[in-house]
Amino acid sequence: NGPAVAPVCAAFPGVEATDGSIDRAKLSAALRQPGASIETLNKIVHPLVTADRDAFVLRAAADGEWLVVLDIPLLLETMDATTRYRLLDAIVVVSAPADIQRARVLARPGMTADKFEFILSKQVPDADKRAAAGFIIETGHESFAPARAQLARCLQSLAETHRDAFLAWRDSAATPGPAVADAPPAGDAGGCVVGVSVDLDDTLWPTMPPLIEAQKARDAALAEL
């Protein structure tokens with residue numbers, strides 16, 4: 001029931017809406033027909049997406065957020081360099097080797113090799129995306145752990161380069177913890193430590209500032225060697 005449903009169905013014969021949503025399989029098939037143009041679809045969808053994105057950014061700014069993440073799969077295909085420079089402080093490319101990318105995409109329901117090649121032909125090559133990136137998150141691993149570590153380093157770097165905004169957000173979001181007198185009794189544990197919680201995402205206390213200071217101290221010490 002979004003504003004793109006009716007104009008998309010009107011622009012592509014055979015595409016229908018079911019329960020208010022566009023039938024993506026029929027739209028994909030229509031785009032592969034002779035004479036069909038993905039630019040027609042872009043001209044309908046992208047202005048609506050842009051308006052929604054701009055409203056989202058304004059709400060985040062009004063709420064005092066220090067960081068906004070825009071998930072734009074076709075960033076380089078749809079946004080020129082001047083607009084990217086004006087709108088974005090950093091570009092993060094999430095990537096994987098070509099063989100892993102292919103295997104992942106072909107595992108999706110309804111995906112075929114021909115459809116995958118068609119989609120790939122409409123995208124900027126991965127090497128060009130990497131060249132435009134300020135940060136690259138490599139996901140060609142057996143677990144999420146390496147990607148999460150790379151993302152943590154990315155966020156730490158952004159917190160350093162946007163320190164004032166980060167500190168203002170941290171200070172406004174910080175809430176005091178319970179007083180020592182309010183701590184529950186040790187009970188049967190007899191005062192022994194029964195658990196350790198490691199907080200790496202500012203859930204209980206602001207962890208990024210000491211991490212940033214520790215990194216600076218480390219760098220200074222290494223520079224003197």
Side-chain angles (χ1 to χ4, degrees), residues 42 45-46 49-50 52-54 56-57 59-61 63-109 111 113 115-167 169-170 173 198-216 218-219 222:
N42 290 342
V45 174
H46 289 169
V49 172
T50 298
D52 187 66
R53 178 196 69 207
D54 292 347
F56 169 71
V57 172
R59 287 196 302 271
D63 291 341
E65 300 290 352
W66 80 278
L67 178 71
V68 170
V69 178
L70 302 176
D71 181 9
I72 309 178
L74 299 178
L75 172 65
L76 299 184
E77 291 85 351
T78 60
M79 188 181 295
D80 60 76
T82 300
T83 304
R84 295 199 303 269
Y85 181 81
R86 175 183 58 82
L87 180 67
L88 308 173
D89 292 305
I91 296 178
V92 182
V93 167
V94 181
S95 185
D99 59 329
I100 294 179
Q101 178 196 35
R102 181 182 180 86
R104 288 173 176 171
V105 176
L106 290 179
R108 297 174 184 171
M111 183 59 64
K115 185 176 180 181
F116 170 68
E117 295 299 336
F118 172 78
I119 294 172
L120 208 59
S121 70
K122 300 299 182 181
Q123 296 182 358
V124 170
D126 187 64
D128 293 347
K129 295 178 182 178
R130 289 170 175 262
F135 302 92
I136 300 174
I137 308 296
E138 300 280 3
T139 66
H141 304 280
E142 294 183 357
S143 74
F144 288 111
R148 287 173 175 150
Q150 295 170 72
L151 180 59
R153 290 193 293 270
C154 168
L155 294 177
Q156 180 176 342
S157 177
L158 291 172
E160 293 174 355
T161 56
H162 298 77
R163 184 177 179 83
D164 291 343
F166 172 77
L167 293 178
W169 168 83
R170 181 205 67 183
V198 180
D199 182 23
L200 296 178
D201 58 1
D202 291 317
T203 303
L204 303 178
W205 61 286
T207 58
M208 192 63 74
L211 290 174
I212 292 173
E213 294 303 320
Q215 185 178 41
K216 289 181 178 179
R218 180 205 64 194
D219 293 344
L222 289 175

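It should be emphasised that the depicted structure is a prediction, and the values quoted were computed from it without experimental measurement. Position 1 is the first residue of the sequence, and the numbers go up from there.
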Please name the pair of heavy atoms, one in [X] and one in [Y], separated by the smallest distance, quoted to 0.1 Å.
X: Gly64; Y: Trp169; result: O-CD1, 3.5 Å
X: Met111; Y: Phe116; result: SD-N, 3.8 Å
X: Val124; Y: Lys129; result: O-CE, 3.2 Å
X: Ala132; Y: Ile91; result: O-CD1, 3.9 Å
X: Gly140; Y: Ala96; result: N-CB, 4.2 Å
X: Ala60; Y: Val68; result: CB-CG2, 3.5 Å

Would you compute the distance between atom [atom1] of [X] and atom [atom2] of [Y] and round it to the nearest 0.5 angstrom?
X: Thr139; Y: Ile100; atom1: OG1; atom2: CD1; result: 7.0 Å
X: Ile72; Y: Leu87; atom1: CD1; atom2: CG; result: 7.0 Å
X: Glu117; Y: Lys122; atom1: CD; atom2: NZ; result: 13.0 Å

Pair up each side-chain donor or acceptor in residues 147-156 with any protein partner under 3.5 Å, not counting sequence neighbours, and list the distances.
residue : atom : partner : partner atom : Å
Gln150  : OE1  : Glu138  : N            : 2.8
Gln150  : NE2  : Glu138  : O            : 3.0
Gln150  : NE2  : Pro146  : O            : 3.1
Gln156  : NE2  : Gln215  : OE1          : 2.9

- Around atom CG of Asp164, are there more than 12 heavy atoms of other residues, nucleotides or ligands at under 6.0 Å? no
- Passing candidate, side chain to side chain contact (heavy atoms under 4.5 Å, CB included) with Phe135, options Leu158, Val94, Val93: Leu158
- Got a sec, which pairs hit salt bridge (charged side-chain N to carboxylate O under 4.0 Å, His left out) with one end in residues 69-90, sequence neighbours left out? none
- Task: Given side chain to side chain contact (heavy atoms under 4.5 Å, CB included), test Leu75 with Leu70 step by step and report yes or no.
- Result: CA-CA 10 Å; Leu75 172 65; Leu70 302 176; over 6 Å; no
- Task: Flag the pair Gln101 / Asp126 as yes when at least one side-chain heavy-atom distance between them is below 4.5 Å, and no otherwise.
- Result: no
- Message: Any side-chain to backbone donor/acceptor pair from Thr78 onto Leu74? Under 3.5 Å, distance only.
- Response: yes
